[in-house]
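We name chains A, B, ... by the order of the sequence lines, and we start the count at 1 in each one.
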2 protein chains.
Amino acid sequence: MVIIGELINSTRKKIKEAMENRDSAYISDLAKKQDEAGSDYIDVNAGAFVEGETEILKWAMNEVQQVTEKPIAIDSPRGSSIAEGLKIHQNGKPMINSITKETDRWNEIFPLVVESDSHILCLCIDNSGIPESADERARIASEIIDDLTKAGKPISDIAIDPLTTPLSVNTGYGLVVIDTVRMIKERYPEVKCITGLSNISYGLPARRQVNRAFVVMGMAHGLDGALLDPLDRTMMSMIRASEALLNKDPFCAGFLKAFRSGLVSKE
Amino acid sequence: MVIIGELINSTRKKIKEAMENRDSAYISDLAKKQDEAGSDYIDVNAGAFVEGETEILKWAMNEVQQVTEKPIAIDSPRGSSIAEGLKIHQNGKPMINSITKETDRWNEIFPLVVESDSHILCLCIDNSGIPESADERARIASEIIDDLTKAGKPISDIAIDPLTTPLSVNTGYGLVVIDTVRMIKERYPEVKCITGLSNISYGLPARRQVNRAFVVMGMAHGLDGALLDPLDRTMMSMIRASEALLNKDPFCAGFLKAFRSGLVSKE
């Protein structure tokens, strides 16, 4: 399971403040904690800043890179910021988060994605917005994958976000995500499906419980990764347990190691 | 999701002691708590007593029936005990737990099952023991279902336990259970699949985490119920969340109600 630690995101009030104040200690502490909790990537998002986003993104990326060797998920709606972020990225292969099939965004980010040695997380959105059905989402995913691979992007660098939308809006959305994952994995087994989990529980109480159940359910149907709060130790415990249950963890070694390191809670 | 509260089981040391001492308070308290936590059935098992099992089973059933209106899962390896249990059962339709395709047990319990107005939980075991593969388990399930329905047992009264065996023995067993459930539900959509969950984590640390992930994973593939510890509030929270995620809980009403009643934990 690919874990993208989602906490350094400027849409969160405390993070925005820390970014405004260039609070190194706060950002780097959060990067370190997410690394230690088992993140494979640390997401960095400064998108809430209309002015100066690029500078803040670069500052935060540098803070992160000083305390962890994990690659960064460079998270921005703007191609220019992603381009600058890619230039200063140091540890391993970065992830571009994200691209959509909306014409403007696509045209801006597509060349960057193809030219750079990066993973790319692609959202199933086109000019008509977020599609309701799994069929439509899978269709957009296919278009994205086909266009990228035709331009030379290795298929194993491509990840699709089936787009998790709130259950409180439509109780069918959980199954839509699962069906989308199943369709994409059937057609493109090498493509990874990675989703921003927590949207599923928007508007519901006990959100963590819903998020945890949803990640397990997704994994049971082929989900390869998630943007999530890796400091939710119960969530991470469920993920490690699920890897073992799906026979993806020989001798349960990963689960046992995580347990010994204190990353799996006993209760 | 059909929840069978598993705690009143004589293989547990404290329960055996309470049964030996005819400790009414202990047994009835546990029955009440399991009822309040959302059990649909209260399992009662006195099978650890070689002598006097029937009397102890009846005593414990009566204790349970005085404090809850939930039906009982009459849990015994002996046909004679089940027969006596059925006679004194009061609340709703009982569940017989369990029958197997082992010739002796089958011949003893089969008539009881067919004649009584009861649900029946059937284990995928025959004379050669617990089969390794999902195919074999599904084959035994088919034999059991076909024999019972031919004898006039309504198919909706039949539940199959795909037999949860420990991941620590074979890391493929999680998938074997899931595949068995899928096969049975495909062939007999009206038959319920209900399993004794906790075996999956036998021999592993942090067993509750594994059990919780396993129940969600099972539900994602059609599992209809489980014998489990309903006092594990996090487990029950995951189950309620999973029902909503699978679009089996209109308007998330069950989840919200469980939350308001304190049955879903916030964290």
Which one wins on heavy-atom pair count under 4.5 Å against chain B: [options]?
options: A:Ser242, A:Pro205, A:Ser237; result: A:Pro205
options: A:Leu245, A:Val216, A:Ile178, A:Val210; result: A:Leu245
options: A:Ser168, A:Ala206, A:Gly218, A:Gly174; result: A:Ala206

Any donor and acceptor pair, going by atom type alone, linking the side chain of [X] with main-chain N or O of [Y] inside 3.5 Å?
X: B:Asp224; Y: B:Cys193; answer: yes
X: B:Gln34; Y: B:Leu7; answer: yes
X: A:Asn199; Y: A:Thr164; answer: yes
X: A:Arg240; Y: A:Gly254; answer: no

Looking at [X] and [Y], does any basic side-chain N land under 4.0 Å from a carboxylate oxygen?
X: A:Glu17; Y: A:Lys13; result: yes
X: A:Arg212; Y: A:Asp232; result: yes
X: A:Glu143; Y: A:Arg139; result: yes
X: B:Asp179; Y: B:Arg182; result: yes
X: B:Asp29; Y: B:Lys33; result: yes

Interchain contact, [X] with chain B, by part (heavy-atom threshold 4.5 Å):
X: A:Ser265; value: both
X: A:Val264; value: side chain
X: A:Phe251; value: backbone
X: A:Phe214; value: both
X: A:Asn211; value: neither
X: A:Leu204; value: side chain
X: A:Thr234; value: both

When [options] are compared by non-hydrogen pairs under 4.5 Å with chain A, the top option:
options: B:Cys252, B:Ala244, B:Gly172, B:Ala213; answer: B:Ala213
options: B:Lys266, B:Lys248, B:Arg260, B:Met238; answer: B:Met238
options: B:Val177, B:Leu175, B:Val215; answer: B:Leu175

Discussion item. Using heavy-atom distances under 4.5 Å, tell me whether B:Ile200 contacts chain A through its side chain, its backbone, both, or neither.
Written reply: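 For B:Ile200, side-chain heavy atoms alone lie under 4.5 Å from chain A.
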
Discussion item. For B:Leu256, which atoms come within 4.5 Å of any heavy atom of chain A: side chain, backbone, both, or neither?
Written reply: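 Just the side chain, heavy atoms under 4.5 Å.
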
Discussion item. Would you say that B:Ile194 contacts B:Asp161 through its side chain, given a criterion of any heavy-atom pair below 4.5 Å between the two side chains?
Written reply: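 Counting from C-beta outward, B:Ile194 and B:Asp161 never come under 4.5 Å.
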
